[in-house]
Trainee: 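Here it is, the structure in full.
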Amino acid sequence: MENEIKGVIFDWAGTTVDFGCFAPLKVFTEIFKNKGIDITIEEARLPMGMLKIDHVRAILSMPRISQLWSEKFGRDYNDGDVAELYSDFEPSLMKILPNYTDVLDGVLLVCKELRERGIKIGSTTGYTKEMMEVVADGATKQGYTPDCLVTADDVGSGRPYPFMIYRNMQNLGIYPPKCIIKVGDTVSDIKEGVNAGVWSVGVIVGSSEMGLTREEYSQLSDEQKMVLTRKITKTYFDAGADYVINNMAELPALIDEINKGLVPYLLLTPGPLTTTKTVKNAMLRDWCTWDSDYNNIIQKLRTDLINLATANPQNYTTVLMQGSGTFSVESVIGTAIPNNGKLLVLTNGAYGDRIAHIAETLKIQTIVQDSGETAPPDLSKLAKNLKANPDITHVAVVHCETTTGMLNDIEAIGKTVKEFGKIFIVDAMSSFGGIPMDIFNLKIDYLISSANKCVQGVPGFGFTIASKQELEKCKGNARSLSLDLYDQWKGMESGNGKWRYTSPTHVVKAFCQALKELELEGGVEARFKRYAENQKILAEGMKNLKFMPLLESHLQSPIITSFYYPENCNFTFFEFYNFIKNKGYVIYPGKISKAETFRIGNIGNVNRNDILGLLASIEAFLLTQ
């Protein structure tokens with residue numbers, strides 16, 4: 001399979017052989033002592049894992065050693081000194097190396113299990129080819145022989161360069177890097193794995209970082225072992241390790257854990273949704289919320305959102321709000337409606353109901369016009385309600401009600417609302433950026449959406465595009481401190497993009513990248529076309545598989561579609577869900593109360609072939625019934 005670990009590349013000394021990695025230490029200390037310079041065991045260990053001539057150079061580069069050398073010889077060390085010390089090191093090591101090839105506990109059993117799983121075993125080392133002939137011979141006699149052994153002699157450079165890992169990949173025929181684990185016991189090992197782009201794993205017991213013999217380790221108390229483990233774990237993670245294991249026996253379980261993460265699934269949901277790698281990568285940099293560079297990003301983002309919402313931007317502003325989209329909805333409901341105001345909520349699903357629940361929780365006078373879960377709002381009833389209740393000040397509706405997938409006619413609703421002179425609030429959570437609209441033409445006073453919907457960012461903040469004229473009236477209205485839409489707006493205006501409270505910086509950067517990608521796709525019109533084509537292929541394919549849609553086509557949005565459970569079939573949703581999840585697709589359970597349904601979204605980084613793949617997986621499921 002593409003999405004599972006295919007190979008493990010082990011280090012040798014301190015990882016699979018030579019508990020504590022002691023073979024080189026005595027020799028390093030001796031060759032320097034012969035030059036009149038005493039180095040400590042800790043100094044000798046620090047560059048462990050490197051090619052041994054590079055190890056000599058690294059010791060000489062240490063400030064204390066470099067100073068001692070200058071004092072002893074009246075000059076800085078040079079390449080000739082490195083070569084001379086290494087020429088002393090190599091023969092001395094070769095003499096003692098046969099005594100340091102004992103295979104570490106658990107290695108043979110783990111290798112047996114890896115091979116049973118079809119996982120190939122490679123190896124890299126800081127030893128030369130000649131040294132490894134000795135070590136590998138000793139290990140083979142004990143039953144340990146990896147499928148591939150690469151030294152720096154084979155590729156020209158040692159650690160932390162990644163070339164020995166690359167040669168293993170080539171020789172073993174394993175690819176891509178995400179399907180490979182490098183296991184080692186030194187900082188150099190960890191960096192080698194990081195530089196190669198594979199999973200980099202540090203092992204603790206028997207490692208050079210631990211630096212103890214078996215006997216010394218066995219004599220430690222549990223508390224001492226815990227302290228040592230924490231120290232080494234930090235060292236590995238500081239070097240960039242993805243994981244740390246205590247001993248080799250923990251490796252198979254770690255592989256299982258990594259394999260779970262390697263099986264990606266497409267989120268066929270109304271959000272959070274599947275994003276592009278470039279959107280995710282945008283979150284890899286940290287930002288300071290006070291810095292002008294970041295605040296300038298915020299200001300541009302606010303302007304870009306207005307321009308996305310209308311061709312007449314001069315009368316609108318954008319307010320960003322931390323939290324999920326519901327936080328932004330509550331900020332509008334709790335701020336825009338004054339104490340003497342009254343709200344009419346048009347609802348035909350859970351998210352319209354949520355608006356009403358928010359208003360009632362905030363003790364706002366509220367009338368709910370409920371048209372049921374499968375019918376659009378009744379415009380004549382809306383007009384009657386507005387006429388019968390002249391004290392209504394605001395009307396709110398959800399544009400795309402993802403309870404069912406219904407797309408409400410906000411143009412017709414807005415026209416009626418404005419005929420009665422009311423303020424129009426639209427929850428466009430699952431439509432903005434994916435369905436063409438102009439809030440100026442639609443007479444929308446407050447449009448609310450979220451970062452993780454059709455713009456295709458990630459969760460963390462919502463936003464409101466509001467009429468400046470209406471927002472100016474909201475000072476002092478808010479029923480919450482943190483969700484005060486007016487104060488959040490004024491703070492961003494006066495602070496040049498500064499949020500009142502901690503900004504979700506990484507999410508903001510991902511959203512900025514998502515906006516760029518929306519533009520590159522061709523804007524909202526192009527994205528709408530893709531979503532609509534996705535939904536058409538989905539609906540037709542599901543009908544062919546005998547899954548009937550909940551809604552009539554003229555009510556259906558291009559965002560998410562509800563389907564009835566199939567008839568004459570022993571169908572359970574969670575069996576169905578788990579089957580197609582294992583095929584790489586995640587869908588939503590149904591949300592309506594009067595029928596058994598499930599929902600499939602097609603927004604996000606989803607294309608025609610993804611929908612066709614889903615349909616093939618559903619067909620495969622039906623064959624099991």
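Note that this is a predicted model, so its numbers are computed, not measured.
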Trainee: Who pairs with K231 by side-chain contact (heavy atoms from CB on, under 4.5 Å), at least two apart in sequence or on another chain?
Mentor: none
Trainee: Can you run down the ring-ring contact (aromatic ring centres under 6.0 Å, His included) pairs that involve residues 413-442, sequence neighbours left out, and say none if there aren't any?
Mentor: F432-F463
Trainee: Check whether the side chains of Y294 and S503 place a donor and an acceptor atom closer than 3.5 Å, and report yes or no.
Mentor: yes
Trainee: Name all residues meeting the side-chain contact (heavy atoms from CB on, under 4.5 Å) criterion together with E521; count only those two or more places apart in sequence or in a different chain, and write none if there are none.
Mentor: A526, R527, R530
Trainee: Once salt bridge (charged side-chain N to carboxylate O under 4.0 Å, His left out) is applied, what residue pairs with a partner in residues 497-519 remain, sequence neighbours excluded?
Mentor: none
Trainee: Flag yes if more than 12 heavy atoms outside Q469 fall under 6.0 Å of its CD atom; otherwise flag no.
Mentor: no
Trainee: In a check of side-chain contact (heavy atoms from CB on, under 4.5 Å) between H399 and each of L442, D427, I435, D409, which one passes?
Mentor: I435
Trainee: Please determine, by modelled atom types, if D445 and S467 share a side-chain donor-acceptor pair under 3.5 angstrom.
Mentor: no
Trainee: Got a sec, which residues hit salt bridge (charged side-chain N to carboxylate O under 4.0 Å, His left out) with E257, two or more places apart in sequence or on another chain?
Mentor: none
Trainee: Please determine whether the number of non-hydrogen atoms from other residues, nucleotides or ligands lying under 6.0 Å from atom NZ of K191 exceeds 12.
Mentor: no
Trainee: Would the number of heavy atoms belonging to other residues, nucleotides or ligands and lying under 6.0 Å from NZ of K280 be above 12?
Mentor: yes
Trainee: If I compare all heavy atoms of N408 with all of P376, which pair ends up nearest, and what's the gap?
Mentor: OD1-CA, 4.2 Å
Trainee: Has the side chain of T335 got a donor or acceptor atom that lies under 3.5 Å from a matching backbone atom of Y486?
Mentor: no
Trainee: Could you name each residue pair satisfying salt bridge (charged side-chain N to carboxylate O under 4.0 Å, His left out) that touches residues 396-406, not counting sequence neighbours?
Mentor: none
Trainee: Above 12 or not: heavy atoms from other molecules or residues under 6.0 Å from NZ of K583?
Mentor: no
Trainee: Do we see a donor-acceptor contact under 3.5 Å between the side chains of N602 and Q535?
Mentor: no
Trainee: Between the main-chain N or O of I5 and the side-chain N or O of N259, is there a donor-acceptor pair closer than 3.5 Å?
Mentor: yes
Trainee: Is the backbone N or O of V198 less than 3.5 Å from a side-chain atom of K182, with the two atoms forming a donor-acceptor pair by type?
Mentor: no
Trainee: Does one side chain, of W499 or T289, offer a donor that lies under 3.5 Å from an acceptor on the other?
Mentor: no
Trainee: Going by ring-ring contact (aromatic ring centres under 6.0 Å, His included), name the pairs with one or both residues in residues 318-371, residues two or more places apart or in two chains.
Mentor: none
Trainee: Partners of F621 by ring-ring contact (aromatic ring centres under 6.0 Å, His included), sequence neighbours excluded?
Mentor: F576, F579
Trainee: Measure across A451 and V507 and return the closest heavy-atom pair with its distance rounded to 0.1 Å.
Mentor: CB-CG1, 4.5 Å
Trainee: Do the side-chain N and O atoms of N607 and N534 include a donor-acceptor pair separated by under 3.5 angstrom?
Mentor: no
Trainee: Count the heavy atoms belonging to other residues, nucleotides or ligands that lie under 6.0 Å from OH of Y501, then report whether that count exceeds 12.
Mentor: yes
Trainee: Checking side-chain polar atoms at under 3.5 Å, does N339 have a donor or acceptor matched by the opposite partner on N477?
Mentor: no
Trainee: Residues in salt bridge (charged side-chain N to carboxylate O under 4.0 Å, His left out) with D293, at least two apart?
Mentor: none
Trainee: Any donor-acceptor pair under 3.5 Å linking the side chain of K453 with the backbone of P270?
Mentor: yes
Trainee: Please confirm whether Y243 and Y236 have ring centers closer than 6.0 angstrom.
Mentor: no
Trainee: For residues 460-470, which residue pairs qualify under salt bridge (charged side-chain N to carboxylate O under 4.0 Å, His left out), counting only residues two or more places apart or in two chains?
Mentor: E470-K473
Trainee: So, R599 versus T561: side-chain donor-acceptor pair below 3.5 Å or not?
Mentor: no
Trainee: Could you tell me which residues satisfy ring-ring contact (aromatic ring centres under 6.0 Å, His included) with Y564, sequence neighbours excluded, listed by chain and number?
Mentor: none
Trainee: What pairs of residues pass the salt bridge (charged side-chain N to carboxylate O under 4.0 Å, His left out) test when at least one of them lies in residues 343-368, not counting sequence neighbours?
Mentor: none
Trainee: Please find the pair of heavy atoms, one from G197 and one from P177, that lie closest to each other, and give the distance.
Mentor: O-CB, 3.3 Å
